[in-house]
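We name chains A, B, ... by the order of the sequence lines, and we start the count at 1 in each one. Heavy-atom basis, side chains included; hydrogens, waters and symmetry copies ignored.
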Number of protein chains: 2
Amino acid sequence: MELGSSRSDLAERGIAENGGRIVRRPLQEEVAARLRDLITQGTIPAGARINEVVLGAQLGVSRTPLREAVRMLAGEGLVELVPARGAVVRKLSAKDMFDSLVVLKSMEELAGRLACAKASAQGIEEVSALHRAMLEHYVQRERLAYFKLNQAIHSAIVALSDNATLAWTHEVIQARMKHIRFIGNAGSEKWAGAVEEHEEMIRALQARDGNRLAAALGLHLDRTFTRVKALL
Amino acid sequence: MELGSSRSDLAERGIAENGGRIVRRPLQEEVAARLRDLITQGTIPAGARINEVVLGAQLGVSRTPLREAVRMLAGEGLVELVPARGAVVRKLSAKDMFDSLVVLKSMEELAGRLACAKASAQGIEEVSALHRAMLEHYVQRERLAYFKLNQAIHSAIVALSDNATLAWTHEVIQARMKHIRFIGNAGSEKWAGAVEEHEEMIRALQARDGNRLAAALGLHLDRTFTRVKALL
DNA sequence: ATTCGTGATACTGTATGCAGTATGTAAGCG
DNA sequence: CGCTTACATACTGCATACAGTATCACGAAT
């Protein structure tokens with residue numbers, strides 16, 4: 001059985017195009033990306049062992065690139081390596097979740113201030129566009145698309161801060177929590193509240209009011225914790 | 001030629017003891033740890049390509065565990081993977097350095113506040129003990145030992161915050177800058193200033209004054225940037 | 001002389017094979 | 001009937017072999 005994307009071969013995975021330039025993507029990186037998706041979607045649940053031979057067969061790759069992909073995820077903290085027992089998907093306790101959100105909050109507050117100070121008008125407009133697109137998916141009740149744009153907006157704001165380290169760190173921590181936030185988004189009726197918080201974020205950003213944006217982001221993440229903690 | 005530690009075999013690397021319990025450490029992890037050291041010490045300089053066969057020979061391991069170790073470091077952001085050209089040690093620009101210190105500052109400020117609120121008296125005493133030991137190495141002018149304890153103190157304060165995510169993030173970012181701070185420590189005559197800043201940090205911690213500790217840490221990192229930026 | 005092309009070389013990416021260890025199962029013993 | 005132990009199985013850890021690609025050197029042509 002093939003897992004993940006349906007399109008099987010080179011056109012999608014091994015070779016892609018980027019501005020006319022052919023970029024060759026090693027299998028390991030493709031596998032790593034696929035694994036990240038499988039983990040956030042819950043196809044590989046938290047705590048599950050990763051069986052190299054069966055997963056390799058499902059993905060259609062040999063053990064070597066799969067192992068190397070797993071090592072990357074281990075470096076990012078998405079999986080844990082247990083000696084002689086392979087890798088298991090990292091399981092977040094409620095405290096882990098809380099701790100991560102505390103850090104994320106601190107980082108987004110920092111990012112918000114920096115973004116208001118440094119972002120270009122075009123950059124702000126792009127985030128606003130993402131927001132409008134997200135609203136569209138919200139009214140259409142398209143959960144997956146909404147979720148992805150939601151994450152993208154947070155990443156985009158962080159990107160506006162023009163701080164690569166901040167962006168990278170934020171991305172990794174966000175990735176660890178993606179699964180819980182993904183399922184958390186599922187049945188939640190607090191959806192409307194989250195959207196309203198996003199509205200305020202965008203307004204603050206457009207006003208280039210760093211403190212206000214930081215406050216909005218902080219509040220949003222506090223509320224995120226209450227929205228999500230029930231799932232643990 | 002053997003690189004790194006002198007003691008060659010099992011006693012040191014493959015098998016160690018931990019509270020009477022034998023812990024088996026995979027080669028890859030040992031190699032990863034060794035690589036981190038080689039990078040911070042500058043034995044493998046920033047920007048250098050990692051030749052798998054020669055480095056593997058030097059470390060006395062085959063390419064497989066070496067490659068997997070490199071993948072872990074890639075996940076941590078210490079090396080970059082270039083398709084078909086292997087891995088190169090990540091090179092930090094002055095901006096990267098600045099960005100990282102901004103993030104580190106924000107995180108240590110957060111950690112300082114949390115530590116003052118949550119740390120046990122014993123934990124505080126342990127950090128104080130580290131500080132006293134560091135002072136000892138300072139008066140003895142033992143640079144390497146001083147450097148290691150310096151880093152350890154920062155990590156220990158972060159550890160007192162009892163936030164695993166914060167600790168992990170801090171560790172990774174600190175690891176990326178270790179080399180520059182290592183050489184930066186070399187000839188610096190601003191050494192005394194750094195020590196004084198540490199004194200204030202410890203006093204604030206012992207007083208459990210979160211704002212004061214955050215301020216001390218922030219100032220220390222600001223000064224660190226001025227101490228280090230000349231090296232870029 | 002310089003530039004472009006061509007071939008050799010060396011290194012990375014991937015697959016596979018082998019050895020060692022953990023785990024589950026079944027049989028023997030209390 | 002429960003517990004221990006021994007064995008079989010399956011999976012990980014590591015090494016090696018092979019294929020594909022980038023790089024460098026050398027030579028030819030302009």
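- Listed by first then second residue, pairs satisfying side chain to side chain donor-acceptor pair (under 3.5 Å) with a partner in residues 74-91 of chain B read Arg36(B)-Glu76(B), not counting sequence neighbours.
- Taking atom CD on Gln28(A) and atom C1' on dA15(C), their separation rounds to 13 Å, with Å as the unit.
- Arg25(B) has its CZ atom 12 Å from the P atom of dC14(D), to the nearest Å.
- For DNA chain D, the residues of residues 61-73 of chain B within the heavy-atom distance limit of 4.0 Å (strictly under) are Ser62(B), Arg63(B), Thr64(B), Pro65(B), sorted by number.
- Within a 6.0 Å sphere centred on CZ of Phe98(B), other residues, nucleotides and ligands contribute 12 heavy atoms or fewer.
- Among residue pairs with one or both ends in residues 117-126 of chain A, those qualifying as side chain to side chain donor-acceptor pair (under 3.5 Å) are Gln122(A)-Glu126(A), Glu125(A)-Arg132(A); sequence neighbours excluded.
- Within the 4.0 angstrom heavy-atom criterion, only backbone atoms of the sugar-phosphate kind lie near Val82(B); the bases stay farther away.
- Summarising the geometry, the separation between CG on Leu81(A) and P on dC14(D) is reported as 10 Å, rounded to the nearest angstrom.
- Every residue meeting the side chain to side chain contact (heavy atoms under 4.5 Å, CB included) condition with Lys148(A), not counting sequence neighbours, appears here in chain and number order: Leu144(A).
- What you find for Arg176(A) and Gly77(A) is that their closest heavy atoms are NE-O, 3.7 Å.
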Under 3.5 Å, which N/O atoms of the protein pair with N/O atoms of nucleotides 7-11 of chain D?
| residue | atom | partner | partner atom | Å |
| --- | --- | --- | --- | --- |
| dC11(D) | OP1 | Asn51(A) | ND2 | 3.4 |
| dC11(D) | O5' | Asn51(A) | ND2 | 3.1 |

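- By the side chain to side chain contact (heavy atoms under 4.5 Å, CB included) test, His179(B) pairs with Ile183(B), sequence neighbours left out.
- Atoms CG (Leu59(B)) and P (dA15(D)) sit 12 Å apart, rounded to a whole Å.
- The aromatic rings of His198(B) and His131(B) lie parallel to each other, with less than 30° between the two planes, well short of the 60° mark.
- With hydrogens and angles left out, the side-chain atoms of His154(B) and Gln174(B) include no donor and acceptor closer than 3.5 Å.
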